[in-house]
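Report on the structure given below.
Order of the sequence lines sets the chain letters (A, B, ...), proteins ahead of strands, with each chain counted from 1. Because only heavy atoms are used, hydrogens play no part in the values below, and waters and symmetry mates are left out as well, while side chains stay in.
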Amino acid sequence: MNVKVAILSIQLRLNSIKKLSTIALALGVERTRTELLPFLTDTIYDEDEVLLALAEQLGNFTMLVGGPEYVHCLLPPLESLATVEETVVRDKAVESLRKISQEHSPVDLEVHFEPLVKRLASGDWFTSRTSACGLFSVCYPRVSSTVKAEIRQHFRTLCSDDTPMVRRAAASKLGEFAKVLELDYVKSDIISLFTALASDEQDSVRLLAVEACVSIATLLPQEDLETLVMPTLRQAAEDKSWRVRYMVADKFSELQKAVGPEITKNDLVPAFQNLLKDCEAEVRAAAANKVKEFCENLPEDNREQIIMTHILPCVKELVSDTNQHVKSALASVIMGLSTILGKDNTIEHLLPLFLAQLKDECPEVRLNIISNLDCVNEVIGIRQLSQSLLPAIVELAEDAKWRVRLAIIEYMPLLAGQLGVEFFDEKLNTLCMAWLIDHVYAIREAATCNLMKLVEKFGAEWAQNTIVPKVLGMANDPNYLHRMTTLFCINALSEACGQDITTKQMLPVVLKMSNDQVANVRFNVAKSLQKIGPVLDSNALQTEVKPVLEKLATDTDMDVKYFAQEAISVLALA
Amino acid sequence: MSSAATTSPSVDKVDGFSRKSVRKAKQKRSQSSSQFRSQGKPIELTPLPLLKDVPAPEQPELFLKKLQQCCTVFDFMDTLSDLKMKEYKRSTLNELVDYVTVSRGYLTEQAYPEVVKMVSHNIFRTLPPSDSNEFDPEEDEPTLEASWPHLQLVYEFFIRFLESQEFQPSIAKKYIDQKFVLQLLELFDSEDPRERDYLKTVLHRIYGKFLGLRAFIRKQINNIFLRFVYETEHFNGVAELLEILGSIINGFALPLKAEHKQFLVKVLIPLHTVRSLSLFHAQLAYCIVQFLEKDPTLTEPVIRGLLKFWPKTCSQKEVMFLGELEEILDVIEPTQFIKIQEPLFKQISRCVSSPHFQVAERALYYWNNEYIMSLIEENSSVILPIMFASLYRISKEHWNPAIVALVYNVLKAFMEMNSTLFDELTATYKSDRQRRQSLERNTF
């Protein structure tokens with residue numbers, strides 16, 4: 001038996017599973033229910049890819065079994081799929097179960113769906129119990145209060161399950177479950193589960209409780225937060241495992257919104273300070289990422305005071321952190337503080353920090369500063385920075401790693417716009433030209449695109465005076481790659497420069513290059529003519545372009561001939 | 001490779017084709033430690049006299065005091081802090097190691113909780129995040145534990161303590177409990193291989209001496225493996241844990257309990273699916289073979305499991321699977337062989353015709369194995385038809401001459417085993433091929 005046949009048969013089964021809906025349509029709703037579904041329920045020992053497709057299909061089968069009245073027939077096969085070892089299959093089965101739960105009537109939920117959840121929750125292998133965790137919240141809202149009590153009981157049991165995998169699944173659904181419970185039960189049941197999970201011996205469980213904290217805090221009235229939620233949250237922010245602290249830092253903005261301004265002022269501000277000074281770099285970086293958001297969402301009345309007294313000193317320390325990811329994270333948000341603090345504070349306190357980060361040894365840090373200049377520009381105008389900005393830009397533009405060079409090119413139009421045309425011409429023009437002859441093609445391409453954007457900003461006249469001559473000058477370069485760059489630039493610039501410049505200055509250069517020794521240049525000439533053709537007037541097209549294209553159409557090189565002929569037909573010159 | 005530019009970098013100097021080695025950054029020995037940082041005030045420990053310098057009756061109490069002192073943890077990420085005290089602790093720990101090895105009558109009941117406390121304070125910590133997101137255990141240098149100068153001695157001490165003649169599990173079990181073991185197991189995720197090696201010994205001793213903890217240990221190892229397979233595919237200590245399991249399995253009593261059989265099928269077999277299999281395959285294969293030597297009736301589920309998870313795109317893994325399969329076949333009973341020979345040789349037939357020559361070669365080497373050959377010979381009427389088409393085809397078509405040579409030998413062996421069947425199959429194969437070719441011709 002050879003490999004091809006083996007793969008084909010899986011493919012066949014896979015394809016037939018994907019066409020399951022067609023088969024069901026052909027069979028009709030009754031035979032689907034009585035024959036197809038039982039067959040599928042028994043085929044569960046199949047390949048995982050097939051099972052995955054099956055799990056997905058069944059989620060859309062409601063109409064094919066006869067509508068919501070019969071949707072519970074889909075439960076047996078999905079129940080088996082939800083116990084399978086392979087995680088993606090299980091997850092998809094749970095997803096489909098959640099979907100079809102919406103189609104169940106409250107009676108059907110009680111008679112069919114909830115018993116399924118119960119069976120999964122009492123399964124002896126962890127896979128079924130894990131799957132059960134995802135089904136509690138969809139089944140709870142519409143059932144009677146006795147059944148609700150049962151569901152709550154099962155959830156409680158799973159939260160203290162022996163296996164950490166199950167506890168993790170339960171913890172990750174805690175927030176979702178809390179949202180569908182009645183407020184009294186949130187206070188009585190959920191809080192105790194939350195506290196227990198937040199003190200679990202495995203940090204992988206504790207950190208999931210932090211996520212749940214956000215949802216729970218949003219549900220409770222303010223006066224209950226202090227007693228019910230805050231002790232656990234404080235504990236999490238000082239957990240001995242850096243992973244839990246990291247999670248707190250990562251969710252900090254959401255937590256801030258959930259607990260409200262009073263608690264933020266009293267508890268979260270000191271917690272945030274500690275996270276910014278954490279001994280683990282990952283945690284500091286996560287907290288640094290949230291600096292701007294945190295400050296923005298502080299209550300207006302003492303926002304400035306809190307930032308200046310508590311947050312800014314920590315931020316100053318982070319600028320010289322030993323870890324580059326921390327500095328990088330900070331650099332991407334620190335500029336945003338200027339809008340919050342206003343002009344004077346920015347100049348006195350923030351400006352030195354921006355300048356320090358502009359000179360950082362790590363290119364990513366410098367890039368992150370440069371990419372956020374518009375915030376600062378609003379407040380103080382970046383002229384203040386331009387002295388330091390320029391060396392920083394130049395260094396990035398010549399970085400050994402091409403991706404760094406690429407990133408700075410992409411900011412060039414923004415910078416040019418903000419710094420103004422004179423500054424640009426004086427300082428940045430040579431840089432943009434140098435990029436056109438970079439060793440890496442991606443840079444040359446980005447540089448070409450950059451020029452186009454600059455022309456759009458500064459106008460055709462500026463282009464004519466400053467860049468067009470230089471671009472056209474490259475047509476005589478001994479390196480054929482550079483000569484081709486001229487053509488690519490012309491392609492990009494012709495529309496923005498307009499008919500006049502294109503006809504009088506660009507076209508002659510293009511036409512001359514049709515005699516180039518290197519075939520690649522010649523066929524790119526044909527492509528260029530095709531590109532700039534629409535910008536030219538019909539006279540130029542007939543008298544100048546057409547003869548050259550016709551000559552190229554008889555070139556010895558196959559590609560030149562091809563592209564010339566293509567250009568002729570597209571420009572309708574035949 | 002171009003050297004670093006000596007003049008100021010300009011765009012011209014940058015050459016896309018020269019590459020400063022990325023490895024250079026990783027060669028600097030990276031260290032990490034996740035102990036809580038001390039407050040910044042220097043730590044002061046009052047020096048105690050040496051144990052050998054005090055009379056024997058006073059030694060047990062001095063021993064306890066030294067243990068308590070060693071509970072103080074130092075910050076090794078800050079290389080300059082508390083140098084004198086770090087040295088003092090190191091020499092104290094050294095002293096304790098010697099003391100535990102040679103002394104008699106030092107192990108009072110009060111000593112047990114102090115020992116466990118000291119060890120816990122030192123070794124139990126949340127492991128630091130990995131320096132690089134994509135730590136590839138095969139390629140990258142591991143991040144070493146910065147506080148190893150102390151940590152190593154603590155481990156040494158603990159092992160000697162556990163192995164001491166005076167050690168009494170009945171007392172120790174109050175302190176070496178489930179919580180202790182759980183934290184110990186979490187440490188197996190340490191990137192530092194030296195630490196994992198010590199942990200292996202520690203766990204092995206604990207498993208040996210604390211019968212009451214055995215089921216719990218096995219269960220927790222299960223959970224670690226299940227999480228590894230189904231959730232994270234990240235855990236540094238799989239090989240070490242499997243090594244311990246190997247000796248545990250070796251000690252299983254017959255008949256095997258259902259719990260153990262379930263472990264084999266639901267945990268060990270799925271472990272084969274992980275991407276980083278090469279790091280622990282040897283230990284895993286050993287465990288599997290141990291199981292089969294204990295209970296040969298498990299052969300069928302094991303081989304079916306391997307066939308189900310047979311690698312589809314990773315040739316390196318395929319070679320490993322073939323190696324493991326051969327080890328299994330080395331010990332297989334003929335009755336079991338017959339049960340799985342069909343699906344087994346279907347797979348081998350696919351491997352033999354693999355365009356990847358290492359896979360093909362490894363599969364063909366089965367024919368060098370005397371025992372396997374004898375099994376094949378006994379069942380050649382079933383096996384030959386399955387293998388024939390691939391063998392014949394690759395003898396004509398495979399790109400690698402070494403493989404073609406091996407295949408010829410295999411075909412020769414088959415011909416000698418059962419020449420009538422061989423000739424029949426040759427005839428059918430040729431006529432089938434002709435028919436197919438004429439069909440193709442006629443359709444155009």
Gln262(B) versus chain A, heavy atoms under 4.5 Å apart: side chain, backbone, both or neither?
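Contact with chain A: side chain only.
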
Quick check on Gln347(B) against chain A: is it the side chain, the backbone, both or neither that has a heavy atom closer than 4.5 Å?
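Contact with chain A is absent: no heavy atom of Gln347(B) under 4.5 Å.
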
To the nearest 0.5 Å, what is the distance between [atom1] ([X]) and [atom2] ([Y])?
| X | Y | atom1 | atom2 | result |
| --- | --- | --- | --- | --- |
| Asp162(A) | Lys219(B) | CG | NZ | 3.0 Å |
| Asp48(A) | Lys308(B) | CG | NZ | 5.5 Å |
| Thr322(A) | Met77(B) | OG1 | CE | 8.5 Å |

Do other residues, nucleotides or ligands put more than 12 heavy atoms under 6.0 Å from Asp124(A) CG?
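Counting neighbours around CG of Asp124(A), 12 or fewer heavy atoms of other residues, nucleotides or ligands fall under 6.0 Å, so no.
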
Residues, nucleotides or ligands: over 12 heavy atoms within 6.0 Å of Tyr246(A) OH
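No, not enclosed.
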
Asn323(A), part contacting chain B, at a heavy-atom distance under 4.5 Å
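For Asn323(A), there is no contact with chain B at all, as no heavy atom is under 4.5 Å.
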
Part of Phe126(A) lying under 4.5 Å from any heavy atom of chain B
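Phe126(A) touches chain B through side-chain heavy atoms alone.
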
Minimum heavy-atom separation for Thr87(A) and Tyr230(B), please, with both atom names.
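Between these two residues, the closest heavy atoms are OG1-O, 3.2 Å.
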
Closest heavy-atom pair and its distance - Thr126(B), Arg243(A)
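For Thr126(B) and Arg243(A), the tightest heavy-atom pair comes out as CG2-NH1, 4.3 Å.
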
Does any non-hydrogen side-chain atom of [Y] lie less than 4.5 Å from one of [X]?
| X | Y | value |
| --- | --- | --- |
| Glu85(A) | Val229(B) | no |
| Met165(A) | Asn223(B) | yes |
| Glu231(B) | Ser204(A) | no |

Under 4.0 Å between a side-chain nitrogen and a carboxylate oxygen: does that hold for Lys179(B) and Glu201(A)?
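Salt bridge flag = no for Glu201(A) with Lys179(B).
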
